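Okay, structure first, notes after.
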Amino acid sequence: MSETAHAPLLEARDLVKRFPLPASFVDRMLGRVPAEVGAVAGVSLAIDRGETLGVIGESGCGKSTLGRVLLKLYEATSGEIRFEGADITAMSEAAFRPLRRRMQIVFQDPYASLNPRRTVGEIVGLPLRLHDGASRREAEERAAEFLPHVGLSSDHLRRYPHQFSGGQRQRIGIARALILNPDFVVCDEPVSALDVSIQAQILELLQQFKAESGLTYLFISHDLAVVGRVSRRIAVMYLGQVVEIGPREAILRAPAHPYTRALIAAAPRLRPEPGVERIHLGGDLPSPISPPPGCRFQTRCPVVKQICTRVEPVATVVAPGHHVSCHLHKGEPA
Amino acid sequence: MTASAEAAREPLLLIEGLTTTFPVRGGTVTAVDGVDLVVHEGECLGVVGESGSGKSVTFLSVLGLVRHPGRVTARRLRFAGRDLAALDEASRRDLRGRDIAITMQDALTALNPAFTVATQITEVLLAHGRARSRAEARRAAIDIMRLVGIPAPETRIDDYPHQFSGGMRQRIMIATALACRPKLLVADEPTTALDVTIQAQVLDLIGDLRRELGMSVVLITHDLGVVAENTDRVAVFYAGQVVEQGLTREVIDRPAHPYTRGLLASMPSFDDLDRPIRAIPGQVPDPARLPAHCRFYDRCAEARESCRVPVDLREIEPGRLVRCARAGEVADV
C-alpha cells in the first residue's frame with residue numbers, strides 16, 4: 001500500500017482564520033490597523049476516509065467558519081490544509097477546481113441557500129454544468145435521475161424552492177451537494193432548521209448515502225444527541241479552538257474538558273440521569289475580537305486556576321485518540 | 001382528577017373549543033381547531049408540537065393578539081374565574097401584561113430597538129398602574145432585572161436591547177413580562193434561539209421564578225427534552241389539535257398517541273447512541289385542506305381503515321387524554 005493510503009482524507013494544521021472588522025472613518029484617518037475577529041484560532045485535526053467527525057460548539061465558536069475554510073470557501077489566514085496528503089491551502093482556484101467537485105457542503109438554512117428564481121432541476125443540475133461541462137438538457141436529465149435518491153421525484157424538476165417544505169428543501173440541498181459523488185461533505189447544521197420528525201428523515205438520508213458510497217462527513221451541529229448519533233469522533237469547539245477531541249463515547253460519557261462537561265450537563269434529556277447535575281457557566285461567550293489571555297474558557301470555567309489566566313493550555317493526550325486542552329489534565333502533549 | 005374536584009377548584013385558565021381561522025385565497029386555514037386545555041394554579045404546562053401545529057396561535061388567541069382577518073371562537077374561555085370572551089378590548093388590554101404575560105421566541109425582534117430597557121420595562125409598570133411615578137417604576141425595573149439575573153442592573157438599565165447578548169436579551173424580555181408579577185406566564189419558545197448552556201440558565205430561571213412568585217407557566221416548545229425537564233403536564237399538538245395530554249412523565253414514558261410515539265422515536269437518544277432513529281414518514285397535512293378523519297392517518301404506522309373517521313380527544317385514564325381511535329387498543333405496543 002502506498003504512503004498516501006494511510007494519510008487521512010483531510011487534515012488541518014494550526015488553521016487560523018481572521019476576519020478584519022470594517023475600519024471606522026477615524027481609524028482610517030489615523031492609519032490604525034483595523035481590529036480582527038479570530039473566528040478560527042489554531043485548529044488541528046484529521047479526518048479519515050469514510051468517517052464522520054462531529055463538531056459541536058455554541059454559536060460564534062467558529063465551527064461553521066472552520067467548515068468553510070476546510071473547503072477553501074474562505075481563504076485561511078495561516079496554517080495548512082491537506083486533502084489526500086496534498087497541500088491545498090495556497091492552491092489556485094484553477095488548480096483546485098478538480099478537487100472542488102470532490103468537496104461539497106450542505107447548508108443549515110434550506111430557505112436561504114436555494115436560489116428562489118431557479119427550478120429544482122437547475123439547482124441540482126448546476127454542479128454538473130460547472131464541473132462536467134454538461135449541457136442544460138443533460139444536466140436536467142441527470143438531475144431527474146438523481147432526485148429519487150434523495151426522496152424526491154422527477155416530477156419536482158420544474159418546481160421552485162418555495163413550493164417545497166423545509167425538509168424537502170433540505171433534500172434539494174443534499175441532492176445538489178451529492179450529485180457529483182463527492183468524497184468529503186461538510187454538513188453545516190443540516191437539520192437544525194427542521195422539525196424533529198423531519199430531522200430524522202434527513203439524518204437517515206445522510207447516513208444512507210454514507211453507507212452506499214463511503215462518504216466522509218464533517219458534521220457540524222450544536223445538538224449533542226444528533227452529533228452523537230451520526231459521528232464516530234467528536235471535536236468540541238470553544239471560541240475558535242478545538243478544546244477536546246476524541247471518540248464519541250469518550251466525549252459524551254467521560255468528557256475531560258470542563259466546557260464539554262457543562263455542555264453535556266446542560267443538554268435536555270427525556271429521562272433525568274441520576275448523578276448528572278447542571279453545571280452553571282457564569283456569563284456569556286467572550287468576544288472573539290479580544291479573547292482573554294491564557295485559557296479562552298477561563299472567564300466561564302467553574303474550576304479555573306491561577307495558571308489558566310496566564311498560560312494557554314496545549315492539547316494533551318488523556319487516552320488514545322482523546323485529546324484535551326485544559327490545565328486540569330497532565331500528560332503527553334498530543 | 002374527578003369531575004367534582006375539578007368543578008370545586010376552577011383552573012386558572014380554561015380553554016374549551018378554541019378555534020382560530022384565517023381566510024386565505026380560495027378558502028380558510030384552520031390554525032387551531034377545537035382546542036381544550038386547562039392551566040392550573042402554580043403548574044407548568046408544556047405545549048409541544050412542530051411548526052404550524054397551532055401551539056403558539058392557541059395562546060395568541062387566548063391573549064386576544066390574533067389580528068383581523070383572523071377569527072377566534074371558543075365555547076368557553078375563562079381566566080381566574082372571569083369570562084375572557086365577555087371582556088371589552090380595554091379590559092382585555094388591562095389583563096394582558098398584568099395578569100397574563102407572554103414572552104416571544106426572538107427577543108431581538110420582540111423588544112423595541114429604539115428604546116432603552118428602562119423605557120420598555122417601566123412602560124409596562126406605568127401602563128398597568130403598578131408604579132405611581134417614573135422614579136418608582138425605575139426602582140421596580142431595576143429590582144426585576146436583578147431578579148432575572150442581569151449583572152449591574154443599575155447601569156445596564158439604560159442600555160438598548162442590541163447592547164445585550166442573546167441570553168441577556170431573553171432575560172430582559174422575561175423581566176418585561178414579569179414586571180407586573182403576572183399570574184400566568186406564556187413563554188413561547190423562550191430558549192430556541194439560545195445556546196444549550198444559556199438555555200439551561202433561562203429555563204432554570206423561569207422555574208425558580210415560578211416557585212418564588214407562585215405563578216403558572218405555559219412553556220411552548222418543539223423540544224421534548226425541554227418539556228421532560230421543566231413541565232408538570234404536557235399537551236401535544238398536531239395539525240391544530242391537541243392529540244395527547246397528561247402528566248409529562250407518563251406521556252414520555254408511556255406515550256399513547258402514535259404521533260407522540262413517533263416524535264420520541266425520531267429523537268436521537270443520549271442514553272443509547274446507537275438506537276436507530278425512526279423518522280415519521282410524510283408531512284403534516286396542508287392546513288387549508290385538512291381531512292375530516294384523523295389528521296395523522298396518512299403518516300401513522302398503526303392506522304387501520306377504521307381510523308378514517310373524525311376522532312375526539314377522549315380520556316383514557318383520569319387526566320390522560322388521547323385523540324386516537326385505537327387508543328387503549330395500541331397503547332402498549
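The shown structure was predicted, so the numbers you read here are calculated from the model rather than taken from an experiment. To find a chain, count down the sequence lines: A is the first, B the second, and so on, and within it residues start at 1.
Contact annotation for B:R249: only side-chain heavy atoms (C-beta onward) come within less than 4.5 Å of a heavy atom of chain A. In this structure, chain B has heavy atoms under 4.5 Å from both the backbone and the side chain of A:L224.
Between atom CD1 of residue B:I198 and atom CD of residue A:E58 there is a gap of 6.0 Å, rounded to the nearest 0.5 Å. Atom CG of A:L252 sits about 5.0 Å away from atom CZ of B:F270, to the nearest 0.5 Å.
Between chain A and the residues B:T248, B:D204, B:V227, the largest count of heavy-atom pairs under 4.5 Å involves B:D204. Of the listed residues A:A200, A:S197, A:A266, A:G60, the one with more heavy-atom pairs under 4.5 angstrom with chain B than any other is A:S197. Of the residues considered (A:Q199, A:Q207, A:R271), A:R271 shows the highest number of contacts with chain B, using heavy-atom pairs under 4.5 Å. Counting heavy-atom pairs under 4.5 Å between each of B:A228, B:P151, B:S266 and chain A puts B:S266 at the top. Contact count against chain A (heavy-atom pairs under 4.5 Å) is highest for B:V196 among B:L264, B:V196, B:D253, B:V284. Heavy-atom pairs under 4.5 Å with chain A were tallied for B:M267, B:Q283, B:R299; the largest tally goes to B:Q283.
For B:R278, the CZ atom counts as loosely surrounded, since its 6.0 Å shell holds 12 or fewer non-hydrogen atoms of other residues, nucleotides or ligands.
Listed by first then second residue, pairs satisfying salt bridge (Lys or Arg N to Asp or Glu O under 4.0 Å) with a partner in residues 221-230 of chain A number zero, not counting sequence neighbours.
Looking at every heavy atom in both residues, A:R248 comes nearest to B:D274 through NH2-OD1, 2.7 Å. Here the closest heavy-atom approach between residue A:E249 and residue B:L273 is recorded as OE2-CD1, 4.5 Å. Heavy-atom minimum distance, B:T197 versus A:R300: OG1-NH2, 3.3 Å. For the residue pair B:G225 and A:P268, the shortest heavy atom distance occurs at C-CB, 3.5 Å.
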Stepwise, does the side-chain contact (heavy atoms from CB on, under 4.5 Å) test hold for B:L224 with A:V196? CA-CA 9 Å; B:L224 274 168; A:V196 184; over 6 Å; no
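Formation of a donor-acceptor pair under 3.5 Å by the A:Q201 side chain with backbone atoms of B:I280 is found in this model.
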